[in-house]
Amino acid sequence: MDLSSKKALVTGSGRGIGKEIVLRLAQAGCDVAISDIDLESAKETAKEVEALGRRAIAVSGDVSKEDDVKAMFKDVVGEFSSLDILVNNAGITRDTLILRMKESDWDAVLNVNLKSAFLCCKEAVRPMMKAHSGKIVNIASVVGLMGNAGQANYSASKAGMIGLTKTLAKEFAARSVNVNAIAPGFIKTAMTDKLSDADKEKLSSQIPMQKLGSAKDVADSVLFLSSSLSDYITGQVLTVDGGLVM
Ligand code: NAP
């Protein structure tokens, strides 16, 4: 897949799945903006992108805040002069059963996971509509499709992201802007490292492929949905989960 001359912005890409997505896009020839709330991690990832011979811009900001998002897009679109690919990846968890869930736990997760995607899509579609071309990939989760005890806030945010994806796909299809979501299952990252070995084994036993996925599995799917190989696909949710949801 050749993405040379394409420009991408990936949120929450200083580490974890976002970082893997950035490196995968850069390997395919894309210049990338690495956005993270932690500027130092964004700069570290930018160095790895530059080592691949691609242009990298490190930007910091809280993607749940409108002013930060506007400033971030101004910098990135100003530097790149265009934007072809947006990946809404930044996400957090504040897990607990609903009876113990505080309003602040609900608000934090909905703001970082869902409101951020609304704010970033709004900014990204402007240059994409002008160019009559663009790819938006929203990183949702299988729990947005099937729910998960202890994750009322997180599941609702990811289900909301899927609704946002389908709506924007309809609003922008005629302008050749594709909007799709990826729903990863259980992926080996800092987020799942918090689980005990016993919990990880229990999880793996529920997955038809009997193993957790890798960040690379998710990044490869993002690459597909960012490339011309998926030009006639929009409004879809691609599960990357070893067969967990089918
Ligand atoms: P992660 O390792 O925690 O990485 C998330 C990144 O987002 C971090 O770099 C984090 O910055 C950044 N971030 C957090 N809040 C932010 C904010 N307000 N503004 C900007 N950046 C922010 O998580 P991950 O496991 O790679 O997950 C990436 C995405 O995949 C998330 O949307 C997650 O919900 C989804 N997902 C993950 C799994 C899984 O099994 N891991 C499964 C399904 C879906 P800091 O480093 O400063 O915190």
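Predicted, not measured: the structure shown is a model, and the values here were computed from it. All values below come from the heavy atoms of this structure, side chains included, with hydrogens, waters and symmetry mates left out.
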Practice task
Say whether, by atom type as modelled, one donor and one acceptor occur between the side chain of Gln206 and the main chain of Ser204 under 3.5 angstrom.
Solution key: no
Exercise for the section: Classify the side-chain pair Asp217/Ser214 by whether it contains a donor and acceptor separated by less than 3.5 Å. Expected result: yes
Problem - Student check: side-chain heavy atoms of Lys135 and Ser230 closer than 4.5 Å - result: yes
Exercise for the section: Decide yes or no for Leu23 and Glu48: does some side-chain heavy atom of the first lie under 4.5 Å from some side-chain heavy atom of the second? Expected result: yes
Fill in the blank from the handout: Which of Leu86, Leu164, Thr167, Leu168 passes side chain to side chain contact (heavy atoms under 4.5 Å, CB included) with Val179? Answer is Leu168
Practice task
Indicate yes or no: at least one non-hydrogen side-chain atom of Cys120 is less than 4.5 angstrom from one of Met72.
Solution key: yes
Problem - Working for side chain to side chain donor-acceptor pair (under 3.5 Å), residues Ser228 and Asp231 - result: CA-CA 5 Å; Ser228 59; Asp231 276 354; 4.8 Å; no
Exercise for the section: Side-chain contact test, heavy atoms from C-beta onward, threshold under 4.5 Å: evaluate it for Leu225 versus Asn178 and give yes or no. Expected result: no
Handout entry: pair Lys216-Asp220: side-chain heavy atoms closer than 4.5 Å
Key = yes
Handout entry: Candidates Val32, Val137, Val222, Leu223 - the one meeting side chain to side chain contact (heavy atoms under 4.5 Å, CB included) with Ile21
Key = Val222
Exercise for the section: State, yes or no, whether a side-chain contact exists between Ile85 and Leu3 at a heavy-atom distance under 4.5 Å. Expected result: yes
Handout entry: Validation row: Val125, Ile136 side chains within 4.5 angstrom (heavy atoms)
Key = yes
Handout entry: Close side-chain approach of Thr11 to Ile139, heavy-atom, < 4.5 Å
Key = no
